[in-house]
*Asks:* 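Before I ask anything, here is the structure I am working with.
By convention in this document, chain letters (A, B, ...) are assigned in the order of the sequence lines, proteins followed by strands, and residues within each chain are numbered from 1.
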Protein chains: 4
Amino acid sequence: MEFRENEAIYLQIAAYVAEHIVLRKWAVDQKIPSVRELAVELQVNPNTVVRAYEFLQNKGVIMNKRGIGFFMAVDAELKIKEYSKERFLGNELPEFFKNIYLLEISIKEIEERFEKFKAEHYR
Amino acid sequence: MEFRENEAIYLQIAAYVAEHIVLRKWAVDQKIPSVRELAVELQVNPNTVVRAYEFLQNKGVIMNKRGIGFFMAVDAELKIKEYSKERFLGNELPEFFKNIYLLEISIKEIEERFEKFKAEHYR
Amino acid sequence: MEFRENEAIYLQIAAYVAEHIVLRKWAVDQKIPSVRELAVELQVNPNTVVRAYEFLQNKGVIMNKRGIGFFMAVDAELKIKEYSKERFLGNELPEFFKNIYLLEISIKEIEERFEKFKAEHYR
Amino acid sequence: MEFRENEAIYLQIAAYVAEHIVLRKWAVDQKIPSVRELAVELQVNPNTVVRAYEFLQNKGVIMNKRGIGFFMAVDAELKIKEYSKERFLGNELPEFFKNIYLLEISIKEIEERFEKFKAEHYR
DNA sequence: GTGGTCTAGACCACC
DNA sequence: GTGGTCTAGACCACA
């Protein structure tokens, strides 16, 4: 996995895990990869994964069973949407509006690009 | 002015200045506020304003006349739109699309919020 | 049984066993439940029960008769009180005092809560 | 400062900071020691202090002004009491009651010890 | 095997 | 100067 430069890696990992949960890519038995597994897979230091998991645990998305590993919370998806939505509406959306206003981009153009985006990423 | 947590203050100041230029709020004589004035107005350390001005100068948006102050470039608006558009299309838009997809927010809802936003901010 | 988060499960199990001994809930023939029985009852890994029993054996509270099982020591209750009291006076009580001082909880309130607690747990 | 063995150092540091705030030992200008200062003072790795400060920030007790340092929240004391009380009533108090019941210690004895404790620690 | 913690040391952006 | 992040490596308790 490649990481963007402008955001902390551990947050990108948290987002990666959250996305996997929401898209049900790991839904088999509710258990998520161990810290070490994910660290190897993503090629980062285990401590960085630990920080990501701590973050998600604080948000109530995942829970730890001692000595066994991390598990999705029963309402993981809801929790993810809660904190994501809060952040999105509070931070990103106003920024987005300011940009399209100043750049004179129409909602219609946004919509077209969105359709294209979906076609490429979420078939 | 309140600053968002997730973005450097100097970048938010640069955006603030850029917005004022595009919306012609200071267009009287092409001169923009001095570092000190703006620092007092925004309640930040003057160094932070300096960094914002340096940033805009690098982008070709403003120019420094020694001993006098900073002035808008003749094509300031164009320059602003150039670098804004690049960043917007490359970084923010994909992030935005991913978010509204995962959060299940429709373009229609975005449009409604945008109308409200415009009414509040750009009357 | 639910376990507190801030204490090792095996120690909570040891406390659970000690409590049963002191309150004479298993006093029939001095034999205590087998590792497997208790593991099933408490829904934990048998190894965890083993650790709890080892802990109590070290304290002289229970003894192992090979092939038969674990039995209470004749002075089990005394032993329990010894090590409990030591830990209680040395660690928990100072911590407890610091807390009620900082949280401004009166001894009177503690007393009331204690009466309620006894009524609920030790009828 | 000496740290107890049975609790994570960073939590003990968080408790140390919280205690200083509640007892108004740093109330001069609301600013608390920098990460590096406190690390030197307590003889721990700066990262450990960082974890303590992150913990307190999550609880809303302290806030960061970028590039300047950490400051007490206006309602720091309230926040501290909130999360402390929650933990105390949920975890420590039941444990405490179980102990004094099994050890047959009276509330009266507790009260006497508490008076002695206060005399020694909080003149 | 699991996660939790701590140290040491580095680099960075920011004010 | 401030905090934020990341790596490397170690040790530990726990299941």
Side-chain angles (χ1 to χ4, degrees), chain A residues 3 5-13 31-39 42-57 62-71, chain B residues 3 5-13 35 39 42-52 54-55, chain C residues 3 5-13 35 39 42-52 54-55, chain D residues 3 5-13 31-39 42-57 62-71:
Chain A
F3 296 103
E5 287 227 332
N6 54 344
E7 192 184 7
I9 294 177
Y10 82 93
L11 289 176
Q12 296 181 55
I13 295 176
K31 186 175 181 305
I32 68 175
S34 79
V35 168
R36 289 167 175 84
E37 275 172 22
L38 196 56
L42 302 181
Q43 311 232 53
V44 296
N45 187 294
N47 284 335
T48 306
V49 177
V50 167
R51 291 200 69 183
Y53 279 14
E54 269 174 3
F55 174 85
L56 291 171
Q57 197 173 22
I62 61 179
M63 286 161 25
N64 181 11
K65 292 191 188 173
R66 280 176 285 180
I68 305 177
F70 279 96
F71 293 75
Chain B
F3 297 101
E5 292 233 329
N6 56 342
E7 193 183 4
I9 291 178
Y10 84 95
L11 288 175
Q12 295 183 54
I13 294 175
V35 168
L42 302 180
Q43 308 227 51
V44 296
N45 188 306
N47 286 333
T48 309
V49 177
V50 169
R51 291 198 65 180
E54 277 173 356
F55 175 85
Chain C
F3 297 101
E5 291 233 329
N6 56 342
E7 193 183 5
I9 292 178
Y10 83 93
L11 288 176
Q12 295 182 56
I13 294 176
V35 168
L42 301 181
Q43 308 228 51
V44 296
N45 188 306
N47 286 334
T48 309
V49 177
V50 169
R51 291 199 65 178
E54 276 172 357
F55 174 85
Chain D
F3 296 103
E5 287 227 329
N6 54 345
E7 192 183 6
I9 293 179
Y10 82 94
L11 288 176
Q12 296 181 55
I13 294 176
K31 186 176 182 303
I32 68 176
S34 79
V35 168
R36 290 168 176 84
E37 274 171 22
L38 196 56
L42 301 181
Q43 311 232 52
V44 298
N45 188 293
N47 283 336
T48 307
V49 177
V50 167
R51 290 200 68 184
Y53 279 13
E54 270 175 2
F55 174 85
L56 291 171
Q57 197 174 22
I62 62 178
M63 286 162 26
N64 180 12
K65 292 192 189 171
R66 279 175 286 180
I68 304 178
F70 279 96
F71 293 74

*Asks:* What's the spacing between D:Leu56 CG and D:Ile32 CD1 if we round to 0.5 Å?
*Replies:* 7.0 Å
*Asks:* Using heavy atoms to find the nearest nucleotide of DNA chain E for A:Glu37 and A:Glu54 separately, return the residue whose nucleotide is more 5′.
*Replies:* A:Glu37
*Asks:* List every contact pair, protein side and nucleotides 12-15 of chain E side both N or O, where the distance is under 3.5 Å.
*Replies:*
unit_1 : atom_1 : unit_2  : atom_2 : d
E:dC14 : OP2    : B:Tyr10 : OH     : 3.4

*Asks:* Give one of base, sugar-phosphate or nothing for D:Tyr53, where a contact means two heavy atoms less than 4.0 Å apart.
*Replies:*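 No contact.
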*Asks:* Mind checking side chain to side chain contact (heavy atoms under 4.5 Å, CB included) for B:Gln12 and listing every partner two or more places apart, or none if nothing turns up?
*Replies:* B:Phe3, B:Arg4, B:Glu7, D:Arg66
*Asks:* Test of understanding: with side chain to side chain contact (heavy atoms under 4.5 Å, CB included), list the residues that count as partners of A:Gln57, not counting sequence neighbours.
*Replies:*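 A:Gln57 satisfies side chain to side chain contact (heavy atoms under 4.5 Å, CB included) with A:Ile62, A:Asn64, A:Phe70 once adjacent residues are dropped.
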*Asks:* Looking at residues at least two apart in the chain, or sitting in another chain, which of them share a ring-ring contact (aromatic ring centres under 6.0 Å, His included) with C:Phe55?
*Replies:*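 ring-ring contact (aromatic ring centres under 6.0 Å, His included) list for C:Phe55, sorted by chain: C:Tyr83.
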*Asks:* Under 3.5 Å, side-chain donor or acceptor atoms of residues 45-52 of chain C against the rest of the protein: list the pairs with distances, not counting sequence neighbours.
*Replies:*
unit_1  : atom_1 : unit_2  : atom_2 : d
C:Asn45 : OD1    : C:Asn47 : N      : 2.8
C:Thr48 : OG1    : C:Asn45 : O      : 3.4

*Asks:* Please identify the 5'-most and 3'-most nucleotides of DNA chain F with any atom under 4.0 angstrom from a heavy atom of chain C.
*Replies:* F:dC14 to F:dA15
*Asks:* Taking only residues two or more places apart in sequence or in another chain, which ones pass salt bridge (charged side-chain N to carboxylate O under 4.0 Å, His left out) with A:Glu37?
*Replies:* none
*Asks:* Taking the side chain as every heavy atom from C-beta outward, state whether A:Tyr53 and A:Ser34 have any atom pair closer than 4.5 Å.
*Replies:* no
*Asks:* Could you provide the dot-bracket string of DNA chain F, using ( ) for intrastrand pairs, [ ] for crossing pairs and | for bases paired to another strand, with Watson-Crick or G-U pairs below 3.5 Å?
*Replies:* ||||||||||||||.
